[in-house]
2 protein chains.
Amino acid sequence: MPNIREIAKRAGVSVTTVSRVMNHHPYVKEEKRERVLRAMKELKYTRNIQAVHLAKGYSNMIGIVLPTIDHAYFSGLVTGIAEKAQACGMHFALFQTGYDPLKEKEALMSLKEQRVDGLIFCSNALSDQEILKWQEFGPIIFCHPTPHHECSSVSIAHDQAFKEGLEHLAACGHQRIAIALARIEGTNSQTRLQVYQEMMRSLGQDIDEEWIVEGKLTLFDGKQLFTEWQEMKNRPTALLITNDDVSAGFLLEAQRHHIKVGESPAILGFQNEQLSEALGISSIEIPIKRMGQEAFDLFHLSLKGEAPEKRVLPFRLIERTTTVLKNNR
Amino acid sequence: MPNIREIAKRAGVSVTTVSRVMNHHPYVKEEKRERVLRAMKELKYTRNIQAVHLAKGYSNMIGIVLPTIDHAYFSGLVTGIAEKAQACGMHFALFQTGYDPLKEKEALMSLKEQRVDGLIFCSNALSDQEILKWQEFGPIIFCHPTPHHECSSVSIAHDQAFKEGLEHLAACGHQRIAIALARIEGTNSQTRLQVYQEMMRSLGQDIDEEWIVEGKLTLFDGKQLFTEWQEMKNRPTALLITNDDVSAGFLLEAQRHHIKVGESPAILGFQNEQLSEALGISSIEIPIKRMGQEAFDLFHLSLKGEAPEKRVLPFRLIERTTTVLKNNR
DNA sequence: TTGAAAGCGCTAACAG
DNA sequence: CTGTTAGCGCTTTCAA
């Protein structure tokens, strides 16, 4: 592979001039520019991007930290990020953590090593606090709500959505409501639990411990959830499920057992993917792809030195067949 | 950020010694090693990976070229690749092409620029021939069968699977069989069409043009496919569908129309994801994750200078409810 | 407009 | 065992 010196020699100019041509600097006499261009063509020259990056001090690459790419939620997110990144000529690397804090640390190390210019965090085994310590090495964007003032984040009004979901189920006449959490939206299920508790109190309903189910993420988990539901001693009449793969699994397993989902049990999902539409699952739609796009925007703004910003995206409750309002209204 | 020189100064040694410590070279006196280590700790030193890469001449990064990450087929593939890559301490970047040849070229450029050490190609807008020209800049692995001798590839015995799929449908008593292709497994649907034609000839069945459907990839496409099927004048009694998201869409839409899938129409899918199991779709299982793993292995072998290798992975026909053998056997 | 030369931060051959 | 020194390939002052 020829280098810039060889091009310079062949074109009869200095390396500086070659560099100028490559970087579209003004002040290069047309004739020399052409000589350089010709030399580059003849030698099939391509600049060594690593050398460029070393000299310039950045990598033109962003890191996306997520538990796994093998789930519609995260691949949707990445799609959004990628769209925007591509438009800026930036590349991206994936760091899959499986929620392992050590893996997250490796991603942070990559930032410090300058392998990437910044990080978008969609995994959260480490505490926000811990992660934010690394901000001095480059922008870090969170994809979940965070109280910390000194960082940018984009998120769904998740607790609000959660609340409205519960209200919807209540409006359908349910009191004995279970929740199945996915851990996608952060470790802060704390708030959600509070919301849940408050709502149940206002309904005058005691909560049974078995109504709070965690770690459900896949279709398979959903099937299992149905089984667990069947075996509950104090069986709830409705379930709020924070991921639609899980809702789908629940619904399909119910159908297999010839149990109709709607009046009771009722289920309300989150995310509204193609599958929930096809199955007629009532769901809270969250704009996951847009979340990715905005995450990248925030990264880009941070890079330009703008102040941190928190963005909260809207959601939308879509009633279909797995929930039925009381009094037909 | 401190650099190696500052560490050397602080530890009272040369930069070489520092470098040696970092790279776990033998022949460093214990006392000096400790001085270096201490200095690194005190200054919170981390090596600049870009400089390392420039000096060493590689990037420790692999590029994965695919149409989109937002589909179970490809995210499964990436999962497999990532597992192996992580075990080798390699990082990876994604290049999403949407089957755009220009985007594929950009990925190839990244190889030449030495942004990545190699490429795993799961997108194929460009011809194999064209892509292989870039092999001089680093290993390129194909995830589809290719006749070219000078490159490594891993693939499913896709044509064989396709053939057995057709045979299965024939064994179920079908003659009027349609096929829906997804373009996931390469532009070479040529061979598959041949297989199809031969099979139909041997069944003494003329092919209706409308029985060959292309470009079906998503659940939504599957719903549409059902509609298209209903509107066919010469309606086939069975469909071989090369992607299970599509089969699922077809099945769900059929159910919505209260049409039972099994005897007729029968459908046979490909890929066997969780969804097809949950829906009871007969499917040809292909080990997509393993394909990713082997792709990375092949990359790794190429890097070590091993000769190119073609690997063909097995498949497995799984009968469920959407196909029914004739004579109950 | 142009070029010489000093970096960017690390590695490795070579000499001791 | 250790240090000197010349790279890796490109960018960017600075002076002309």
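Being a predicted model, the structure only gives us computed values, none of them experimental.
Taking atom CD on B:E30 and atom P on D:dT2, their separation rounds to 10 Å, with Å as the unit. One interatomic measurement links the two molecules: CZ of B:R115 to P of D:dG9, which rounds to 17 Å at whole-angstrom precision. For B:Y27 and D:dG3, the OH to P distance is 17 Å, given to the nearest whole Å. In this structure, CZ of B:R33 is placed 11 Å from C1' of D:dC1, rounded to the nearest angstrom. With rounding to whole Å, A:I4 atom CD1 is found 11 Å from D:dT12 atom C1'. Put simply, CD1 on A:I7 is 9 Å from P on D:dC10, counting in whole angstrom units. Whole-Å rounding puts the B:M40 CE to C:dG9 P distance at 17 Å. To the nearest angstrom, P of D:dC1 lies 15 Å from CZ of B:R35.
In the interface, the side chain of A:T16 is paired with the base of C:dA4 through a donor and an acceptor atom under 3.5 Å apart.
Within the nucleic acid shown, B:R47 comes within 4.0 Å of sugar-phosphate atoms alone, with no base atom in reach, counting heavy atoms only. Among the atoms of the strands shown, none is found under 4.0 Å from any heavy atom of A:V18.
Comparing atom distances between the A:K29 side chain and each of D:dG3, C:dT2, D:dT12 picks out C:dT2 as nearest. Closest to the side chain of B:V52, out of D:dG9, C:dC10, C:dT1, is C:dC10. You'll find that the side chain of B:L54 is closest to D:dG9, out of C:dT11, D:dG3, D:dG9. Taking only side-chain atoms of B:T17, from C-beta outward, the nucleotide of C:dC10, D:dG3, D:dT4 with the closest atom is D:dG3. When distances run from any side-chain atom of A:R5 to the nucleotides D:dG3, D:dC10, C:dT2, the shortest one goes to D:dC10. Residue B:K56 has its side chain nearest to C:dA12 when only C:dG3, C:dA12, D:dG3 are considered.
Between B:E34 and B:R38 there is no salt bridge, since no side-chain N of the basic residue sits under 4.0 Å from a carboxylate O of the acidic one. For A:K9 and A:E6, the salt-bridge test fails: no basic side-chain N is under 4.0 Å from an acidic carboxylate O.
Between the side chains of A:E83 and A:Q293, at least one donor N or O lies within less than 3.5 Å of an accepting N or O. A:N48 and B:E113 are not linked by any side-chain donor-acceptor pair at a separation below 3.5 angstrom, with hydrogens and angles left out of the test. Using modelled atom types, one finds a donor on one side chain and an acceptor on the other under 3.5 Å when comparing A:K112 with B:T46.
One finds no side-chain N or O of A:S19 lying less than 4.0 angstrom from the OP1 or OP2 phosphate oxygen of D:dC10. Applying the 4.0 Å criterion to OP1 and OP2 of C:dC8, one finds that B:N48 has every side-chain N and O outside that range. Here A:S14 does not reach the OP1 or OP2 of C:dT2: none of its side-chain N or O atoms lies under 4.0 Å away.
Comparing A:A55 and B:P26 against DNA chain D, the residue whose closest nucleotide sits nearer the 5' end is B:P26. Between A:Q114 and B:R20, the one whose closest nucleotide on DNA chain C sits nearer the 5' end is A:Q114. Annotation: of the two residues near DNA chain D, B:G12 and A:H25, the 5′-most nearest-nucleotide partner is B:G12.
The shortest side-chain heavy-atom distance between B:S153 and B:I141 does not fall under the 4.5 Å cut-off.
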